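For reference, the structure discussed in these notes is given below.
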Amino acid sequence: MDADNVRMYVCGPTVYDRAHLGNARPVVVFDVLYRLLRHVYGEGQVTYVRNFTDVDDKINARARALQEGGDGRSLNEIIRALTDGTIDWYHADMDALGALRPDVEPRATEFIVQMVAMIEGLVAKGHAYAAEGHVLFDVRSYPDYGKLSGRSVDDMIAGARVEVAPYKRDPMDFVLWKPSSDEEPGWDSPWGRGRPGWHIECSAMAHELLGPAFDIHGGGIDLQFPHHENEIAQSCCAHPDAGFANFWLHNEMVQVEGKKMSKSLGNFFTVRDLLDQGWPGEVIRFVMLSTHYRKPMDWTEEKAREAQKQLGAFWSLVGHSEQKGEIDNAVVEALSDDLNTHKAIARLHHLYTVGDAAALSATLRFLGLVGEDQAVWIDADKAARELLSDYSEALSKARAEAMLNKDFGLVDQMKRMLLNAGAEVRIGKDVVEVLPTVEFDPSKLEALK
RNA sequence: GGCGAGUUGGCGGAGUGGUUACGCAGCGGAUUGCAAAUCCGUGUACAGGAGUUCGAUUCUCCUACUCGCCUCCA
């Protein structure tokens with residue numbers, strides 16, 4: 001809409017717990033988009049907003065449990081502390097994945113005033129009504145309701161899985177505001193003390209921070225309905241001529257070893273779990289980017305291992321050279337084509353194969369595939385190379401002897417040990433080299449006699 | 001019951017109305033004491049059926065299967 005101010009809003013997490021792997025996908029996907037937009041339009045020309053939803057019944061339940069467990073603070077204080085802590089976790093974990101922080105990360109609880117104002121506007125325009133302390137959005141008042149997700153109100157009602165509250169005019173009407181009991185957090189409003197419904201916070205914050213119309217709205221495909229559908233209904237009815245979001249992007253879900261990630265299947269884990277297991281954040285990111293964002297992404301150990309191997313190879317090429325290069329244009333083109341990250345990775349392989357360390361380095365940086373882990377890895381790699389150079393010398397000597405007396409027993413034994421420790425043994429015509437691989441483990445080396 | 005996405009070689013995973021990526025694994029060769037690594041070479045895969053077309057993996061329709069959403073969910 002405005003090349004000097006490209007605006008993007010992405011639905012962020014409800015901060016009640018550690019981010020799981022599924023939470024990480026939109027973060028990584030839209031981080032790539034953010035980086036691309038900054039590259040194309042300029043770093044200062046892009047505004048990226050991603051919210052924290054810090055008012056939610058799951059949070060309330062946790063806070064109440066803490067209170068009942070003896071926490072003497074007020075409910076609001078506990079909630080604030082709880083969500084503060086969860087946000088810190090989120091930042092740490094997403095930073096580890098190489099995701100840039102958005103320009104603005106608004107918290108829902110800091111925009112209650114704007115939500116109330118928007119709801120009042122909707123009531124005034126006849127799109128919402130108060131009933132029994134609730135305020136509900138009247139879906140029948142918005143003819144385009146269901147357009148984004150390709151549903152019709154009638155179809156959905158036919159599905160008959162809608163909870164029908166007696167105060168609703170239509171079963172599909174959704175809550176904009178609901179009353180709070182004394183044990184629940186609440187804010188004063190024209191409809192009494194209460195709290196916002198789930199969807200209104202994004203509409204209010206997007207409007208406040210990006211204006212009535214902006215370029216891109218993103219989030220997980222599971223949010224397409226009802227969350228985004230409801231956002232559209234609210235925002236478009238509140239600001240009928242603005243248009244709200246120009247483009248909607250939805251990432252597909254994450255699976256684990258071919259199955260849906262769920263607590264009941266026991267394949268549920270957080271980003272922190274993976275990091276603690278020793279997977280570098282860049283490897284997790286690399287796995288994410290190897291699948292197009294609109295397809296389900298299957299997390300498997302095998303993919304992670306493969307990603308680590310490939311990234312390790314890239315890093316070892318760029319890590320030991322200080323050349324400054326340009327971001328590869330073919331990668332930018334691939335990303336410009338609906339974020340074809342896998343094609344971009346194929347191009348990285350090409351840069352690696354032709355040995356263009358400078359371009360590879362700049363492009364990896366652009367894609368967020370080098371970070372602290374790379375520095376750590378380079379250090380470890382250097383140390384390992386040093387350690388192995390002694391072994392290399394010894395092996396070289398032993399081999400020279402063996403070449404004369406044709407007894408290769410010792411050479412083979414040394415080789416086995418080195419390979420077993422994850423080293424790579426290269427014996428050429430006259431050169432012997434021993435180099436570490438990503439699997440190198442010095443503790444598996446026994447002292448050479 | 002409603003809505004949607006997908007089904008590509010051993011595996012992962014792009015893409016295209018005709019020339020069929022890329023990575024890993026495999027195979028053949030060079031090399032090697034043997035390997036590893038490297039280099040060179042190598043595989044005509046697009047769920048099934050019908051249709052449109054000179055020609056379809058790519059477009060249309062049908063069928064099968066998988067998955068997701070419809071309820072908190074990224």
Side-chain angles (χ1 to χ4, degrees), chain A residues 10-14 16-17 19-30 50 53 56-59 61 146 148-163 172 198 218-229 250-255 258-263 268 271 286-298 300 302-307 309-310 313 334 337-338 340-350 352-353 399-400 402-409 411-412 415-416 418-419 423-435 437:
Chain A
V10 173
C11 288
T14 301
Y16 65 98
D17 204 356
H20 61 252
L21 189 64
N23 291 307
R25 172 114 104 140
V27 173
V28 170
V29 164
F30 293 108
R50 187 182 61 208
T53 297
D56 170 85
D57 287 344
K58 278 192 288 273
I59 299 171
L148 177 74
S149 53
R151 301 155 198 253
S152 75
V153 174
D154 292 325
D155 283 348
M156 288 185 280
I157 291 169
R161 287 206 192 179
V162 193
E163 180 203 350
M172 292 308 294
W198 173 30
I221 186 71
D222 55 335
L223 294 181
Q224 192 183 50
F225 187 89
H227 184 56
H228 290 160
E229 202 68 73
H250 294 104
N251 61 277
E252 252 291 350
M253 301 288 99
V254 164
Q255 301 183 339
K259 295 203 173 86
K260 182 182 175 170
M261 183 167 78
S262 76
K263 283 179 178 163
F268 182 94
V271 172
F286 194 93
V287 171
M288 292 264 179
L289 297 185
S290 65
T291 302
H292 187 85
Y293 76 95
R294 282 191 284 103
K295 287 197 168 178
M297 193 219 77
D298 194 14
T300 65
E302 197 191 338
K303 276 177 152 178
R305 273 196 300 276
E306 194 172 305
K309 222 166 110 184
Q310 293 177 351
D337 179 13
D338 197 20
N340 194 335
T341 49
H342 195 277
K343 196 172 177 184
I345 288 174
R347 179 66 185 177
L348 293 180
H349 284 290
H350 172 76
Y352 172 74
T353 306
R399 192 217 175 213
M403 289 295 278
L404 296 176
N405 63 24
K406 299 293 168 201
D407 177 7
F408 291 93
V411 174
D412 287 341
K415 218 163 59 183
R416 257 201 310 281
L418 288 164
L419 290 174
E424 180 185 315
V425 180
R426 299 184 189 176
I427 301 178
K429 271 187 196 122
D430 8 63
V431 197
V432 173
E433 272 188 296
V434 184
L435 298 170
T437 70

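The shown structure was predicted, so the numbers you read here are calculated from the model rather than taken from an experiment. Lettering of chains follows the sequences in order, A, B, ..., and the numbering in each one begins at 1.
- Searching all strands for a Watson-Crick or G-U wobble partner of B:rU44 with both distances below 3.5 Å returns nothing.
- Look at the C1' atom in both B:rC70 and B:rC24: the space between them is 39 Å, to the nearest Å.
- Residue A:Arg426 places no side-chain N or O under 4.0 Å from the OP1 or OP2 atom of B:rU38.
- In this structure, B:rG4 and B:rC67 make a Watson-Crick or G-U wobble pair, each of the two defining distances being under 3.5 angstrom.
- Here, B:rG12 and B:rU71 have their P atoms 33 Å apart, quoted to the whole Å.
- Residue order along RNA chain B, read from the 5' end via each residue's closest nucleotide, puts A:His292 first among A:Lys309 and A:His292.
- For the 3.5 Å distance criterion, the side chains of A:Glu229 and A:Ser149 qualify, holding a donor opposite an acceptor.
- We find that A:Lys58 and A:Asp17 are not joined by a salt bridge, their nearest charged nitrogen and carboxylate oxygen being 4.0 Å or further apart.
- Counting atom types as modelled, A:Lys415 pairs a side-chain N or O with a base atom of B:rC34 as donor and acceptor under 3.5 Å.
- Residue A:Ile221 contributes atom CD1, which lies 11 Å from atom P of B:rC70 at whole-angstrom precision.
- Separating the P atom of B:rU58 from that of B:rC67 is a span of 24 Å, rounded to the nearest Å.
- The base of B:rG13 lies outside donor-acceptor range of the side chain of A:Asn340, with no N or O pair under 3.5 Å.
- The two residues A:Ile427 and A:Arg399 make their nearest non-hydrogen contact at CG2-NE, 3.2 Å.
- With C1' as the reference atom, B:rG26 and B:rG43 are 9 Å apart, rounded to whole Å.
- Of all nucleotides listed (B:rA74, B:rG33, B:rA14), B:rA14 comes nearest to the side chain of A:Thr291.
- Following rounding to the nearest Å, A:Asp412 (CG) and B:rU32 (P) show an atom-to-atom distance of 17 Å.
- The two residues A:Thr291 and A:Pro296 make their nearest non-hydrogen contact at CG2-O, 3.6 Å.
- Residue A:Tyr352 comes nearest to A:Ala313 through the heavy atom pair CE1-O, 3.3 Å, listed as atom of the first residue, atom of the second, then distance.
- Note on A:Lys303: every side-chain N or O is 4.0 Å or more away from OP1 and OP2 of B:rC11.
- Spacing between B:rG13 and B:rG23 at atom C1', rounded to whole Å, works out to 8 Å.
- Following rounding to the nearest Å, A:Ile427 (CD1) and B:rA36 (P) show an atom-to-atom distance of 12 Å.
- A distance of about 10 Å separates the P atoms of B:rG48 and B:rG9, rounded to the whole Å.
- Distance A:Leu418 CG to B:rA37 P: 15 Å, rounded to the nearest Å.
- When the P atom is used for both B:rU16 and B:rU60, the distance is 14 Å, rounded to whole Å.
- Nucleotides B:rG28 and B:rA14 are separated by 31 Å at their P atoms, to the nearest Å.
- A 3.5 Å limit on both hydrogen-bonding distances identifies B:rU38 as the Watson-Crick or G-U partner of B:rA30.
- We find that CD of A:Glu424 is positioned 7 Å from P of B:rU38, with the value rounded to whole Å.
- Nucleotide B:rA50 forms a Watson-Crick or G-U wobble pair with B:rU60, both donor-acceptor distances falling under 3.5 Å.
- Looking at the side chain of A:Glu306, the nearest of the listed nucleotides B:rG23, B:rC34, B:rA74 is B:rG23.
- Each of A:Ala346 and A:Glu302 lies near RNA chain B, and the nucleotide nearest A:Glu302 is the one positioned closer to the 5' end.
- In plain terms, the two heavy atoms of A:Leu21 and A:Val254 that are nearest each other are CD2-CG1, 3.8 Å.
- Closest approach to the A:Arg399 side chain among B:rC73, B:rG33, B:rC24 is made by B:rG33 (side chain taken as heavy atoms from C-beta onward).
- Of the nucleotides present, B:rG10 is the one that pairs with B:rC24 by Watson-Crick or G-U wobble criteria, both distances under 3.5 Å.
- In this structure, the NE2 atom of A:His350 is 11 Å from the P atom of B:rC22, given to the nearest Å.
- Minimum heavy-atom separation, A:Gly220 to A:His228: O-CE1, 4.4 Å.
- Regarding A:His20, its NE2 atom lies at a distance of 11 Å from the C1' atom of B:rC72, rounded to whole Å.
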